[in-house]
Chemist: 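Encoded as structure tokens, here's the structure I'll be asking about.
Worth knowing before you read on, the calculation uses all heavy atoms, side chains too, and leaves out hydrogens, waters and symmetry mates.
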Amino acid sequence: MYNYRIEIEYDGGRYDGWQRLGKDASTNTIESRLCEIIARMTGETVDMYVGSRTEKGVHALCQTANFKLEKEVKALDIKNYLNRYLPRDIAVMSVSQVDERFHSQLNAKSKIYEYRLDTGNVANVFRRKYAYHTFSTPDFDAMRKAAGYFEGKHDFKAFTTAKKSKSTERTIKRINIQYEGTRAYIRIEADDFLHNMARFMIGMLLDAGNGIKKPEDVKRCLDGENVQMSLPAESYGLFLVKVVY
């Protein structure tokens, strides 16, 4: 078997996430688009493994995936073929042949997500599809204080919609909140993310920034206290920055 690692960027706005299984199964996914074209090129049906399974509407600046083929194909030919036939909102930045033991999900050390904000009084027309408009400047100090409670190893069962998971403990390595003018971003690096976890975390940080929540409410939620959860942040402002190996 020949193992290929690919790095992809995509606008997730019109897709049902990287993959959609179960009762909400869909073929309108990033994975489906890639697998269809690989099958057309090689005649082989492949299993695609991904570094971080992005959700509906979420974008990727650098997603990592891998798949295996029975017959060897030049990596450059795969890259060129995919970029020729993929929709224009998906692009393959690199393809390389790697050791057969490489697994994009199991070998991942951490994952970095970024949430983009537009804090202007009037929403910027050209950022409206990729940044959440806050209407007013949030209290970034309160957001940073709330973010501090997330850092470290915690049980994130209150911050996910996952119904089945072997463990809901995750480690947040760092959260950075920066702004300049009317642009701001929240960047989170963790060893892994549960389903919708990043969006629930960001929703809580935004509520801390606009005074709906207190920063200490994050700690109370993590400690299992009965605190009303914030709504998850809108998916269109969320980007997978990269998967770290």
Side-chain angles (χ1 to χ4, degrees), residues 7-13 17-18 30 50-64 93 104-105 108-120 123-124 126-134 136-154 156 158-160 169-210 213 215 217-219 221-222 230-245:
E7 292 186 339
I8 320 123
E9 64 179 10
Y10 50 84
D11 178 340
W18 172 265
I30 308 296
V50 69
S52 188
R53 191 179 298 170
T54 53
E55 295 147 19
K56 183 176 181 179
V58 177
H59 319 291
L61 302 177
C62 186
Q63 173 72 276
T64 302
M93 298 180 290
S104 56
Q105 181 182 13
K109 294 180 179 179
S110 67
K111 299 158 188 184
I112 303 173
Y113 278 88
E114 177 179 290
Y115 199 75
R116 298 182 178 179
L117 303 173
D118 175 2
T119 63
N124 184 286
F126 300 104
R127 297 204 300 267
R128 73 190 189 282
K129 294 182 180 180
Y130 306 104
Y132 176 72
H133 183 227
T134 60
S136 61
T137 303
D139 183 342
F140 289 110
D141 288 336
M143 290 175 67
R144 290 191 180 104
K145 185 176 180 181
Y149 291 111
F150 277 125
E151 292 183 338
K153 187 175 183 179
H154 304 284
F156 284 89
F159 292 85
T160 180
E169 286 190 348
R170 296 293 186 270
T171 300
I172 305 299
K173 296 190 174 186
R174 60 186 62 85
I175 303 179
N176 292 323
I177 300 173
Q178 296 187 5
Y179 65 94
E180 181 177 355
T182 60
R183 294 175 182 261
Y185 72 79
I186 304 165
R187 184 171 286 194
I188 305 172
E189 180 174 2
D191 61 347
D192 197 8
F193 289 86
L194 297 162
H195 189 255
N196 282 323
M197 175 176 151
R199 291 174 58 210
F200 273 110
M201 290 175 64
I202 293 161
M204 186 70 79
L205 293 177
L206 290 173
D207 279 355
N210 59 31
K213 297 287 187 186
D217 286 335
V218 170
K219 184 178 186 303
C221 287
L222 292 170
S230 299
L231 294 174
E234 296 285 353
S235 61
Y236 61 82
L238 186 60
F239 293 75
L240 171 66
V241 176
K242 67 177 179 178
V243 182
V244 181
Y245 293 94

Chemist: Side chain of Tyr115, backbone of Glu234: donor and acceptor closer than 3.5 Å?
Modeler: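 Yes, because the side chain of Tyr115 sits within donor-acceptor range (under 3.5 Å) of the backbone of Glu234.
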Chemist: Roughly how far apart are Ile30 CD1 and Thr54 OG1, rounded to 0.5 Å?
Modeler: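 It is 6.5 Å, given to the nearest 0.5 Å.
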Chemist: At what distance, to the nearest 0.5 angstrom, does OG1 of Thr182 lie from CG of Leu117?
Modeler: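 Output value for this atom pair is 10.5 Å.
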Chemist: Looking at every heavy atom in both Ala184 and Tyr179, which two are closest together, and how far apart are they?
Modeler: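 Ala184 and Tyr179 have their closest heavy atoms at CB-CB, 3.6 Å.
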Chemist: How far apart are the closest heavy atoms of Ala108 and Ser104, and which atoms are they?
Modeler: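 Closest pair (atom of Ala108, atom of Ser104, distance): CB-O, 3.7 Å.
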Chemist: Report yes if some heavy atom in the side chain of Ile172 is under 4.5 Å from a heavy atom in the side chain of Phe156; otherwise report no.
Modeler: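 With C-beta onward as the side chain, the pair touches.
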Chemist: Do the side chains of His154 and Phe159 get nearer than 4.5 Å, heavy atoms only?
Modeler: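 Not touching, per the 4.5 Å side-chain cut-off.
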Chemist: If I compare all heavy atoms of Ala142 with all of Ala208, which pair ends up nearest, and what's the gap?
Modeler: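 Smallest heavy-atom distance, with atoms named: CB-O, 3.6 Å.
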Chemist: Output the distance between atom OG1 (Thr137) and atom CG (Asn210), rounded to the nearest 0.5 Å.
Modeler: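 The OG1 atom of Thr137 sits 12.0 Å away from the CG atom of Asn210.
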Chemist: Could you grab the distance from atom CZ of Arg187 to atom CD1 of Ile202, nearest 0.5 Å is fine?
Modeler: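 With rounding to 0.5 Å, CZ (Arg187) is 12.0 Å from CD1 (Ile202).
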Chemist: What verdict does the side-chain contact (heavy atoms from CB on, under 4.5 Å) test give for Arg170 and Asp191, after you've listed the backbone C-alpha separation in whole Å, the side-chain angles of each residue and the deciding distance to 0.1 Å?
Modeler: CA-CA 7 Å; Arg170 296 293 186 270; Asp191 61 347; 3.8 Å; yes
Chemist: Are Val244 and Lys242 close enough that some pair of their side-chain heavy atoms sits under 4.5 Å apart?
Modeler: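 Yes, side chains in contact.
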Chemist: Judged by atom type as modelled, is there a donor-acceptor pair below 3.5 Å linking the side chain of Asp118 to the main-chain atoms of Asn124?
Modeler: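 Yes, because the side chain of Asp118 sits within donor-acceptor range (under 3.5 Å) of the backbone of Asn124.
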Chemist: Might you point out which heavy atoms bring Arg144 and Ile177 nearest each other, and give the distance in Å?
Modeler: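 Closest approach of Arg144 to Ile177: NH2-O, 2.8 Å.
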Chemist: Classify the angle between the aromatic ring planes of Tyr10 and Trp18 as parallel (below 30°), tilted (30 to 60°) or perpendicular (above 60°).
Modeler: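 Tyr10 vs Trp18 ring planes: tilted.
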Chemist: So does Tyr236 have more than 12 non-hydrogen atoms from other groups sitting under 6.0 Å from OH?
Modeler: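 Counting neighbours around OH of Tyr236, more than 12 heavy atoms of other residues, nucleotides or ligands fall under 6.0 Å, so yes.
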Chemist: Is there a side-chain contact (heavy atoms from CB on, under 4.5 Å) between Leu206 and Tyr132? Walk through the geometry before answering.
Modeler: CA-CA 10 Å; Leu206 290 173; Tyr132 176 72; 4.1 Å; yes
Chemist: Find out whether Val243 and Gln63 are in side-chain contact, i.e. whether some heavy atom of one side chain is under 4.5 Å from a heavy atom of the other.
Modeler: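 SC-SC contact between Val243 and Gln63 confirmed.
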Chemist: Have a look at Glu189 and tell me which of Lys173, Arg174, Lys109 forms a side-chain hydrogen bond (donor to acceptor under 3.5 Å, both in side chains) with it.
Modeler: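 Of the listed options, the one satisfying the test is Arg174.
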Chemist: Would you check if Phe150 and Leu222 make a side-chain contact, meaning some heavy-atom pair closer than 4.5 Å?
Modeler: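 Yes, their side chains come closer than 4.5 Å.
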Chemist: Under 4.0 Å between a Lys/Arg side-chain N and an Asp/Glu carboxylate O for Lys111 and Asp192?
Modeler: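 A salt bridge is present here (some side-chain N lies under 4.0 Å from a carboxylate O).
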Chemist: Would you check if Ile186 and Met143 make a side-chain contact, meaning some heavy-atom pair closer than 4.5 Å?
Modeler: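 Side-chain contact under 4.5 Å: yes.
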Chemist: Begin with the C-alpha distance, continue with both residues' side-chain angles, and end with the deciding distance and a verdict on side-chain contact (heavy atoms from CB on, under 4.5 Å) for Leu194 and Phe200.
Modeler: CA-CA 10 Å; Leu194 297 162; Phe200 273 110; over 6 Å; no
Chemist: Rounded to the nearest 0.5 Å, what separation is found between the CZ atom of Phe193 and the OG1 atom of Thr160?
Modeler: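 Going from the CZ atom of Phe193 to the OG1 atom of Thr160 covers 12.0 Å.
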Chemist: Could you give the distance from CD (Glu151) to OG1 (Thr171), rounded to the nearest 0.5 Å?
Modeler: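 The OG1 atom of Thr171 is 11.5 Å from CD of Glu151, to the nearest 0.5 Å.
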Chemist: Relative to Tyr130, does Arg116 satisfy both conditions: NZ or CZ under 6.0 angstrom from the six-membered ring centre, and within 45 degrees of the ring's axis?
Modeler: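 Cation-pi check for Arg116 and Tyr130: fails.
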Chemist: Using side-chain heavy atoms (C-beta onward) and a distance below 4.5 Å, is Phe140 in contact with Thr119?
Modeler: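 Result yes, sub-4.5 Å side-chain heavy-atom pair found.
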Chemist: Side chain of Glu169, backbone of Lys153: donor and acceptor closer than 3.5 Å?
Modeler: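 Looks like no, no N/O pair under 3.5 Å.
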Chemist: Spell out, as yes or no, whether a donor-acceptor pair under 3.5 Å connects the side chain of His59 to the backbone of Gly12.
Modeler: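 Looks like yes, one N/O pair under 3.5 Å.
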Chemist: Let's go through Lys129 and Asp11 carefully: what are the C-alpha distance in whole Å and the side-chain angles of both, what is the deciding distance for side-chain contact (heavy atoms from CB on, under 4.5 Å) to 0.1 Å, and is it a yes or a no?
Modeler: CA-CA 10 Å; Lys129 294 182 180 180; Asp11 178 340; over 6 Å; no
Chemist: Quick one: are Leu240 and Ser52 in side-chain contact, heavy atoms under 4.5 Å?
Modeler: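 Sidechains of Ser52 and Leu240: in contact.
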Chemist: Among Lys56, Glu55, Arg199, exactly one meets side-chain contact (heavy atoms from CB on, under 4.5 Å) together with Ser235. Which residue is that?
Modeler: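 Only match with Ser235 under side-chain contact (heavy atoms from CB on, under 4.5 Å): Arg199.
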